[in-house]
Structure formats: C-alpha cells, structure tokens
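So the structure is just underneath, and the comments pick up after that.
The first residue in the sequence is number 1, and the count goes up from there. Predicted model only: the values in this text are computed from it and were never measured.
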Amino acid sequence: MKYRSIALAGILLSPLASLDASALPAAFNGHDFSGWKVPEGNIWWSVDNETIHLKNGPDKKGSTLWTKRAYQNFIMEFEFQLGEGRVDTGIFIRTDKEQIQIGESGSLKRDMTGSPYIAGKGYPQEAKGVKELLDLKGWNQMTIVAIGNNYTIFLNGQHVNSYNSDSSVTSGPIGIQIHGNREMSASYRRIHIGELD
C-alpha cells in the first residue's frame with residue numbers, strides 16, 4: 001500500500017506528519033530478522049523482547065543491517081534508545097553514502113541526532129532543537145520522510161530538519177548502521193516503513 005504526501009518548502013504538510021505508525025507496514029516483526037540482510041558472521045545484531053539490539057564487538061568493527069527490499073519515496077517511523085558508550089548510529093537512506101545521524105558524530109565529537117551525514121560533505125545541515133527533545137536514557141521516536149532528494153526528520157513529534165541532497169539516489173535499501181572504531185550499544189524497535197506516491 002502506498003501513501004499520498006504533500007510537501008511544501010521541504011516540510012511535510014499531509015497527515016503523514018502525525019500518522020500513527022501502526023498504519024504503516026511493519027518492517028520488523030519483533031521476533032527475528034525476516035526482511036533484513038544480516039551480515040555474515042553476525043556478532044553485532046540480536047533480537048530480544050521485540051527489540052533489535054546492536055553492539056560493537058571486541059574488535060570495534062562497524063556493521064549495517066539492510067532491508068532486503070529497495071525503496072524510492074518512503075516514510076519510516078521507529079523508536080530508538082541510546083545505550084552504553086559514545087553512541088554513533090543512524091539510518092542509511094537508499095545508499096551507504098547518505099545517513100540520518102543518531103547519536104554522537106565521531107568527527108565533531110558531539111550529538112548530531114536528526115542531522116544528515118553526506119559522504120564527502122560531512123554534516124551540511126544541523127537539526128534544530130534536538131538537545132531539548134532528545135531523551136538520553138529513555139526511548140525516542142523518529143520519523144524520516146524521504147521524497148526524491150528531500151529528507152524531512154521529526155524527533156519525538158517535532159520537526160527538526162529538512163534537507164535537499166544533490167547527491168541522493170532514487171532507489172535503494174534502508175540500513176541501520178553501527179559505526180566502527182568505538183565500543184557502544186543502542187536499540188531499535190517498532191520499525192515501520194511505508195512507500196509514498
């Protein structure tokens with residue numbers, strides 16, 4: 001099922017901005033990694049209590065959990081919780097070159113949740129109001145709307161960023177990343193993804 005969207009000045013105006021995630025197809029069934037490509041030799045990813053847990057191994061290597069299917073325009077809603085260490089994770093948008101950051105930037109050494117990371121450009125546009133919205137210990141809700149080259153991000157129900165990427169790709173899988181070169185953990189749950197017209 002596809003959902004109609006209306007965008008103006010990069011900000012989503014349709015009811016999708018406040019859409020109940022239960023109305024979107026579940027991308028994670030709460031029990032296993034059906035629908036996802038688990039990396040070979042997996043030591044990073046596990047499922048427990050309807051939650052995906054991610055943790056760096058002792059060699060501090062990174063990893064990405066990719067959807068098996070590709071998406072063009074989509075809305076993704078999920079909850080995340082920051083764990084131990086200097087958390088650096090995020091959502092790859094159709095490619096491993098464009099990401100919506102969750103947690104601390106390794107290069108900037110500060111939290112950049114809700115900001116796009118674009119390979120070769122770093123963080124071209126920082127999310128607004130995140131410090132006041134982000135729960136550092138509890139669960140947070142994020143909505144990412146990708147329409148063409150526009151990425152619009154909501155954190156805990158508030159619009160925090162809209163960015164137009166001149167290097168976006170038109171179609172590809174969605175990935176959850178664990179950044180390498182650090183010891184950290186985080187969790188994701190209630191992941192829903194719906195295609196947009």
- [ ] Determine whether the side chains of Asn150 and Thr152 contain a donor N or O and an acceptor N or O closer than 3.5 Å.
- [x] yes
Open item on the list: Check the orientation of Tyr151 and Tyr163. Use parallel for under 30°, tilted for 30 to 60°, and perpendicular for over 60°.
Closed with: tilted
Task: For Phe78, the option from Met142, Arg189, Gln141 that meets side chain to side chain contact (heavy atoms under 4.5 Å, CB included) - done: Met142
Task: Asp88-Gln101 side chain donor-acceptor pair, cut-off 3.5 Å - done: yes
Open item on the list: Taking Asn49's backbone N and O only, do any of them form a donor-acceptor pair with Thr51's side chain (distance below 3.5 Å, no angle check)?
Closed with: yes
TODO: Measure the NZ-OG distance between Lys97 and Ser167 for me, rounded to the nearest 0.5 Å.
DONE: 10.5 Å
- [ ] May I ask you to decide if Ile178's main-chain N or O and Ser63's side chain share a donor-acceptor pair within less than 3.5 Å?
- [x] no
TODO: Could you list the residues that satisfy side-chain contact (heavy atoms from CB on, under 4.5 Å) with Glu126, not counting sequence neighbours?
DONE: Arg110, Met112, Ser115
- [ ] State yes or no: do Ile100 and Leu133 share one hydrophobic cluster built from I, L, V, M, F, W and Y residues joined by side-chain heavy-atom distances below 4.5 Å, directly or via other members?
- [x] yes
- [ ] Give the C-alpha distance, both sets of side-chain angles, the deciding distance and a yes or no for side chain to side chain contact (heavy atoms under 4.5 Å, CB included) between Asn140 and Phe80.
- [x] CA-CA 5 Å; Asn140 296 273; Phe80 67 91; 3.5 Å; yes
Open item on the list: Has Arg190 got a side-chain atom pairing as donor or acceptor with Glu79's backbone, closer than 3.5 angstrom?
Closed with: no
Task: Aromatic centroids of Phe28 and Trp36 separated by under 6.0 Å - done: no
Open item on the list: Does atom NZ (Lys121) have a neighbourhood of more than 12 heavy atoms from anything else shown, all under 6.0 Å?
Closed with: yes
- [ ] Please answer whether the main-chain N or O of Ile93 pairs with a side-chain N or O of Gln99 as donor and acceptor at a distance below 3.5 Å.
- [x] no
Open item on the list: Using modelled atom types and a 3.5 Å cut-off, is there a donor and acceptor pairing between side-chain atoms of Asn161 and backbone atoms of Gly114?
Closed with: yes
Task: Straight-line distance of Asn29 CG to Glu50 CD, nearest 0.5 Å - done: 9.0 Å
Open item on the list: Under 4.5 Å between side-chain heavy atoms, counting indirect links through other Ile/Leu/Val/Met/Phe/Trp/Tyr residues: same cluster for Ile153 and Phe74 or not?
Closed with: yes
